[in-house]
There are 2 protein chains.
Amino acid sequence: MPGKQEQYFSKTLEKGLTILNLFGRENPSRSLTEISTLTGINKTSTYRLVNTLVQLGYLRKSITSKSLRIGPKAFSMGHECFHGFDIYQGIKPIIDKTFFEHHISIDSALIDGYKLISLYRREMPNLVSFHLPLIMDELYARAMGKIVLANLGPDDLEHYFADLAPQKLTSHTLVDIDEIRKDIRNTRKRGYSINDKEYMTGVISIGAPIMNLQTKSVVGAVSLDFPSREYSLDNIEKQYISVLLTLATEASDLITTAGIRQ
Amino acid sequence: MPGKQEQYFSKTLEKGLTILNLFGRENPSRSLTEISTLTGINKTSTYRLVNTLVQLGYLRKSITSKSLRIGPKAFSMGHECFHGFDIYQGIKPIIDKTFFEHHISIDSALIDGYKLISLYRREMPNLVSFHLPLIMDELYARAMGKIVLANLGPDDLEHYFADLAPQKLTSHTLVDIDEIRKDIRNTRKRGYSINDKEYMTGVISIGAPIMNLQTKSVVGAVSLDFPSREYSLDNIEKQYISVLLTLATEASDLITTAGIRQ
DNA sequence: CCATTAGTTACTATAATAGTAACATATATT
DNA sequence: AATATATGTTACTATTATAGTAACTAATGG
């Protein structure tokens, strides 16, 4: 018999969704064995779940290689889940307003595990148009990442550092763990984060947290991005911190009302 | 014991995904009972599945009203499923190329049941910017819909007509079933479809099928859209049919290689 | 305040899944 | 080309998860 707590939780559905989540921009194609080993679900069950997803059109299977790819149904569901997300619809006007008032590049993201999911972004043409990823890994090297880390509980933060292997993305990127820790501590004191060309050469950013004001936990972040040719860090801190913090407050209000919990 | 055919199909996963599919741009919020009645899944099972989706972050539940909405996890999965769909990535450059060469509005879609899922679209500023839906119902009134219907097998087509209730979207929309049937027959003979202001006033479109060349079945469509103020139908047919058909052929090649089956 | 509806929990028969193992098909190597 | 190796598919039950009924509790509305 199932435990009392787990009685109203479907493991099968969880597994099916785990499988679907293995596919994305970075991993458009996978094999059955790959799926089985990655998820830890035994081969027969994987076969059953994959077969279900294929029959429903969420995945499709190459007849020759048997490799699996995203299907049209997942595409359309993706469409709907993206555009049906009220937070996305809610943050759009907030960011647009600030964008048109101040003519600066703005980004926003939500936490998902130790990753940031890009929520909505507006870019000025003066910014080197960098094709930012939808899911961001390098929290230590980004304004939004730093402010999120700075607002995490101590346990969560340690867990993050436990298997962190920082990459030197630019000449300014901090890769020494102690230096990163120090930077996070400073960020926490400061209340906003600074990214001085650490993620991309020529780009300076400042970041502030999106908080659930009820649970007092961080759920995401917003950032303002500037080309270092036109703006100095001093300049940005004098002129734009209040803009950033106002934006973060508005976003936090939205999130709190919507009841997003980390 | 499960039947031999159904042994490798997970009904639970199917139900869970059916529930997730109830949410979207049009329906951002739903209640448990609503979900239960819409899906036909009994209340307890619905509760279990919804609870699972909530715990995993695909849905979130308002603490006060208990109403359910799309969660951050579904948003990020949506993101990934959308951008990880290789057909989308593949058709983008094809459509972009034609767009920049000919400066015309182009649309593409895939079949999902008796609906069309918008795949990728480029729009000229001269076109009344109509906010097209992601999932299109009115096949009878659209260029892409008509050419898809014209290429359906007789059984599928009859099934479509069986519960069709055409809406008069513009003064030009055909609503008489016999007239629509006749139009579909003409479309089939012609090889491409014509939409003469039947979906939107002021918009003329031509459509061609995206075919899986191996299975010889239709899987989607492309269309070129023109403002009727600037273009006449004669004009369009003389100038752009070859552009349309070339585009359709390129898309069909892509689809066939990718192995999309209807 | 009561009636009605919606959401949650308890319980158990039934049906679905997990897991093992055998089998088949594809891929790589000699 | 033949064998070896890996990958995918099917068969077969024990186990366990789910469906469904029903009772219960918390909201909501008149």
Side-chain angles (χ1 to χ4, degrees), chain A residues 1-20 22-23 27-71 259 261, chain B residues 1-23 27-56 58-71 214 257 259 261:
Chain A
M1 74 202 110
K4 288 221 169 172
Q5 311 290 359
E6 299 98 51
Q7 190 175 163
Y8 296 103
F9 184 89
S10 168
K11 290 181 186 176
T12 309
L13 178 52
E14 182 183 33
K15 284 173 195 165
L17 291 168
T18 303
I19 290 176
L20 207 48
L22 294 178
F23 294 83
N27 306 88
S29 171
R30 311 203 94 127
S31 75
L32 189 74
T33 332
E34 201 181 347
I35 295 170
S36 175
T37 51
L38 280 171
T39 56
I41 304 166
N42 89 78
K43 223 166 33 150
T44 307
S45 296
T46 304
Y47 180 76
R48 182 188 292 107
L49 295 167
V50 163
N51 195 46
T52 306
L53 292 171
V54 168
Q55 287 203 38
L56 296 173
Y58 291 91
L59 294 178
R60 54 187 221 279
K61 176 156 54 172
S62 158
I63 312 162
T64 50
S65 72
K66 304 292 177 93
S67 73
L68 297 150
R69 290 174 175 273
I70 291 168
R261 286 180 296 268
Chain B
M1 75 201 112
K4 291 223 169 174
Q5 312 288 0
E6 297 100 49
Q7 189 175 166
Y8 296 103
F9 184 89
S10 168
K11 289 182 186 175
T12 309
L13 177 53
E14 181 183 33
K15 283 173 195 163
L17 290 167
T18 304
I19 291 176
L20 206 48
N21 271 296
L22 293 177
F23 294 84
N27 307 88
S29 172
R30 313 205 93 126
S31 75
L32 189 75
T33 331
E34 201 181 346
I35 295 170
S36 175
T37 49
L38 281 171
T39 56
I41 304 167
N42 88 80
K43 220 166 34 147
T44 307
S45 297
T46 304
Y47 180 75
R48 182 186 293 109
L49 295 167
V50 163
N51 195 45
T52 306
L53 292 171
V54 169
Q55 289 204 37
L56 297 174
Y58 291 92
L59 294 179
R60 54 188 220 278
K61 177 156 55 171
S62 159
I63 312 163
T64 49
S65 72
K66 305 290 175 97
S67 73
L68 297 150
R69 288 172 179 275
I70 291 168
Q214 230 145 48
T257 313
R261 287 181 295 270

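Chain identifiers are assigned alphabetically (A, B, ...) following the order of the sequence lines, protein sequences preceding nucleic acid strands; residue numbering begins at 1 within each chain.
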Distance check needed: [N] [atom2] versus [X] [atom1], whole Å only.
X      : N       : atom1 : atom2 : value
L13(B) : dA17(D) : CG    : P     : 17 Å
I41(A) : dG19(C) : CD1   : P     : 10 Å
L32(B) : dT25(D) : CG    : C1'   : 15 Å
N42(A) : dT16(D) : CG    : C1'   : 14 Å
K61(B) : dA27(D) : NZ    : P     : 12 Å
Y47(A) : dA11(D) : OH    : C1'   : 12 Å
Q7(B)  : dT20(C) : CD    : P     : 16 Å
R48(B) : dT17(C) : CZ    : C1'   : 14 Å

Practice prompt. Work out which heavy atom in R30(B) is nearest to a heavy atom in L22(B); give both atom names and the distance.
Written response: NH1-O, 2.5 Å
Discussion item. From C-beta outward on T44(A), which listed nucleotide comes closest to its side chain: dA11(D), dT8(C), dT18(D)?
Written reply: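 Given the options dA11(D), dT8(C), dT18(D), the side chain of T44(A) is closest to dA11(D).
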Discussion item. Among dA10(C), dA16(C), dA11(D), which nucleotide has an atom closest to any side-chain atom of Y8(A)?
Written reply: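 Nucleotide nearest to Y8(A)'s side chain: dA10(C).
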Item to complete: Would you check if L59(A) and L20(A) make a side-chain contact, meaning some heavy-atom pair closer than 4.5 Å?
Response: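 Yes, their side chains come closer than 4.5 Å.
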Discussion item. Which is more 5' along DNA chain D, the nucleotide nearest K66(B) or the one nearest K43(B)? Just name the residue.
Written reply: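 Here K43(B) is the residue nearer the 5' end.
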Worksheet item: Mapping S67(A) and T12(B) onto DNA chain D by nearest heavy atom, which one lands closer to the 5' end?
Response: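 Taking each residue's closest nucleotide, the earlier one in sequence belongs to S67(A).
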Looking at [X], does any N or O in its side chain come under 4.0 Å of the phosphate oxygens OP1/OP2 on [N]?
X      : N       : answer
S10(B) : dT17(C) : yes
K11(B) : dA17(D) : no
T33(B) : dG7(C)  : yes

Practice prompt. Look at the side chain of S67(A) and the backbone N and O of S31(A), then say whether any donor-acceptor pair between them is shorter than 3.5 Å.
Written response: no
Item to complete: Mark yes or no for whether T52(A), through its side chain, and R48(A), through its backbone, hold a donor-acceptor pair below 3.5 Å.
Response: yes
Practice prompt. Check side-chain contact (heavy atoms from CB on, under 4.5 Å) between T37(B) and all other residues, then give those that pass, not counting sequence neighbours.
Written response: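 For T37(B) there are no side-chain contact (heavy atoms from CB on, under 4.5 Å) partners, ignoring immediate neighbours.
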Item to complete: Identify whether any heavy atom of S45(B) sits under 4.0 Å from a base atom; if not, whether one sits that close to sugar-phosphate; answer base, sugar-phosphate or nothing.
Response: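 Base, at least one base atom sits under 4.0 Å.
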